[in-house]
Protein chains: 2
Amino acid sequence: MSGHKILVVEDEKDIVRLIKYNFEKDGHKVVAAHDGESGLALARKEKPDLIILDIMLPKMDGLEFCRTFRQESQVPILFLTAKKSEVDRILGLKLGADDYVTKPFSVGELIARVEAVLRRAGSAAVKEPVAAVLRAGELEVDAERHEVRIKGRPTTLTPKEFEFLRLLFRADGKVLSRDTLLERIWGYDKSMDIDTRTVDQHIARLRKKLRSEGQRILTVTNAGYRIKLD
Amino acid sequence: MSGHKILVVEDEKDIVRLIKYNFEKDGHKVVAAHDGESGLALARKEKPDLIILDIMLPKMDGLEFCRTFRQESQVPILFLTAKKSEVDRILGLKLGADDYVTKPFSVGELIARVEAVLRRAGSAAVKEPVAAVLRAGELEVDAERHEVRIKGRPTTLTPKEFEFLRLLFRADGKVLSRDTLLERIWGYDKSMDIDTRTVDQHIARLRKKLRSEGQRILTVTNAGYRIKLD
DNA sequence: CGAAAGCGTCATGAAATCGTCATGCTGCGA
DNA sequence: TCGCAGCATGACGATTTCATGACGCTTTCG
């Protein structure tokens, strides 16, 4: 899945930077606007494949943006909402949102949602669907059931453990740095700065639970971790 | 139970989006048209297994659509009606509608109706039949009777409880988030926002009533609930 | 050789999440 | 009108899950 152009309309610059960084790393093109009006102009000019839209925006808020833009385009819109409040979501959906993500979000989740929306909307130019069950040797990760099986036997993982394993799998054997893992699992919310050592801790626990399947999570000194897929 | 092709003919784009989103999440293929004429063309071209048809439509309204289309096909049609009064017209005209749902509807209800229609249409044109009675161990959910049996003994559930159980069954062991459950059970238009903790409450009551069948509803921390099918 | 850096593991306090109880509300039938 | 079943929500405790510091091992490099 690459080659999509994504417009981010968001006034928090850190979030824009985070999204830009991560999506460009995945081969997308990212353009950004910091308020509703310039976002609308940019949307018209750039014709993105998808728009990530914050609700709280200067000049013109996300709802107004959506209402206006929907009259001229069907480009999928994914909302970012700060409030947990249902009202925002429902309003968003009635306005033509394709999905929404609540802040603070993890990059991993955002990527997953974006991919889902693109897949649904794009019909044609989409990439290979994310396999429902990821496999490596005797190890299976069933994303839909949130279940991990070793030699067919279900094993219970904590949410964080599961996230780690899923990310490592989806990286397809590539090394993921501790920073990347932090960012993708904990989200951009650096207010609670998590120690990178905490990553080690989770990896350790994960290894212990997967021990019966052999050492599948490899340490790459000075770089991070990766999974052995055989 | 999945893999059906559904045509939606509806001019409110948000509703199309909502239907598309939810049915595709269930593994169906969804094509859409925004007015009667193009809907008819699409129906001829795509040969869907079922048509969801709004009554109020530009170009050619739902009734006219139905009248025309029925001369060339028996594909089941499910009407969407905004007004209660329209129901009478559908029934009165004997147009060959297989069922109808009044707006605003809950996604869960729409899915239930669609499945019921597909089940009834059955054998003939449809790809895979939809099961009328869902089973897991000694637990049976009879979608048509709205009845639940434990070891053959009927058990009374409240409407909400039944709805929860049915959705969990339908998800086929996949995790359903609290948000998804809310959306599917309470409907898309709801102005009052329900606390996600309320979901827990219903699950709790459901578990108590099903206790004699063992712990079949599993909690997936940080994700939602899923059903154990064995 | 010695120091420093990277990493694995243990123990511990903190925090998030979930199950359950209790309570008040609402709509409907007797 | 009363009573009740069904429902939504707040409170609270129990359990699970997390984050972090400490300590020791190994490797690297001056």
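Every chain is numbered from 1, with letters handed out A, B, ... down the list of sequences.
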Any protein N or O atoms within reach of nucleotides 27-30 of chain D? Criterion: under 3.5 Å, listing atom names and distances.
none

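- One can place CD1 of Ile203(B) at 17 Å from P of dG6(D), the figure rounded to the nearest angstrom.
- Taking the side chain as every heavy atom from C-beta outward, Glu183(A) and Thr180(A) never approach each other to under 4.5 Å.
- Spacing between atom CG of Asp195(A) and atom P of dG13(C) amounts to 19 Å, rounded to whole angstrom units.
- Legend: residues meeting ring-ring contact (aromatic ring centres under 6.0 Å, His included) with Phe162(B), ordered by chain and number and at least two apart, are His146(B).
- Evaluation of the salt bridge (Lys or Arg N to Asp or Glu O under 4.0 Å) rule for Asp230(A) yields Arg216(A) as partners, not counting sequence neighbours.
- Annotation: side-chain hydrogen bond (donor to acceptor under 3.5 Å, both in side chains) contacts of Lys29(B) (sequence neighbours excluded): none.
- For Arg178(A) and dG6(C), a side-chain-to-base donor-acceptor distance below 3.5 Å is absent, hydrogens and geometry of angles not being considered.
- Between the NZ atom of Lys208(B) and the C1' atom of dA22(C) there is a distance of 12 Å, given to the nearest Å.
- Close to dG8(C), at under 4.0 Å from its OP1 or OP2, lies a side-chain N or O of Arg207(A).
- Lys160(A) pairs by the salt bridge (Lys or Arg N to Asp or Glu O under 4.0 Å) definition with nothing, not counting sequence neighbours.
- Applying the ring pair (Phe, Tyr, Trp, His ring centres under 6.0 Å) test to residues at least two apart or on different chains, the pairs with a partner in residues 197-230 of chain A are Phe164(A)-His202(A), Trp186(A)-His202(A).
- For the pair Arg197(B) CZ and dC12(D) P, the interatomic distance rounds to 14 Å; values are reported in whole Å.
- Nearest-nucleotide positions on DNA chain C place Ala223(B) closer to the 5' end than the other of Gln201(B) and Ala223(B).
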Grab the N/O contacts between the protein and nucleotides 24-30 of chain C below 3.5 Å, and write none if there aren't any.
none

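- Salt-bridge annotation for Arg119(B) and Asp98(B): absent, with no side-chain N of the basic residue lying under 4.0 Å from a carboxylate O of the acidic one.
- Taking the salt bridge (Lys or Arg N to Asp or Glu O under 4.0 Å) definition, one finds that Glu140(A) meets it with Arg135(A), Arg149(A), sequence neighbours left out.
- Going from atom CG of Asp200(B) over to atom C1' of dA8(D) covers 12 Å, rounded to whole Å.
- Residues forming a ring-ring contact (aromatic ring centres under 6.0 Å, His included) with Phe23(A) (at least two apart in sequence, or on another chain): His28(A).
- Among the heavy atoms of the strands lying under 4.0 Å from Tyr225(A) are primed sugar atoms or P, OP1, OP2 only; no base atom is included.
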Please list each protein N or O that sits under 3.5 Å from an N or O in nucleotides 13-18 of chain D, with the distance.
unit_1: dC18(D); atom_1: OP1; unit_2: Lys160(A); atom_2: N; d: 2.8
unit_1: dC18(D); atom_1: OP2; unit_2: Thr158(A); atom_2: OG1; d: 2.7

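- The phosphate of dG8(C) (OP1 or OP2) has a side-chain N or O of Thr219(A) nearer than 4.0 angstrom.
- The distance from atom CG of Leu181(B) to atom P of dC18(C) is 13 Å, rounded to the nearest whole Å.
- The distance between atom CG of Asp179(B) and atom P of dT17(C), rounded to the nearest whole Å, is 13 Å.
- Straight-line distance from the CZ atom of Phe164(A) to the C1' atom of dA19(D): 12 Å, rounded to whole Å.
- Under the side-chain hydrogen bond (donor to acceptor under 3.5 Å, both in side chains) criterion, Thr155(B) pairs with no residue, sequence neighbours left out.
- Contact check on Arg70(A) versus Asp14(B) returns no salt bridge, with no Lys/Arg side-chain nitrogen under 4.0 Å from an Asp/Glu carboxylate oxygen.
- Note on Val220(A): only backbone sugar-phosphate atoms sit closer than 4.0 angstrom, heavy atoms only; bases stay farther off.
- Arg178(A) is linked by a salt bridge (Lys or Arg N to Asp or Glu O under 4.0 Å) to Asp200(A), counting only residues two or more places apart in sequence or in another chain.
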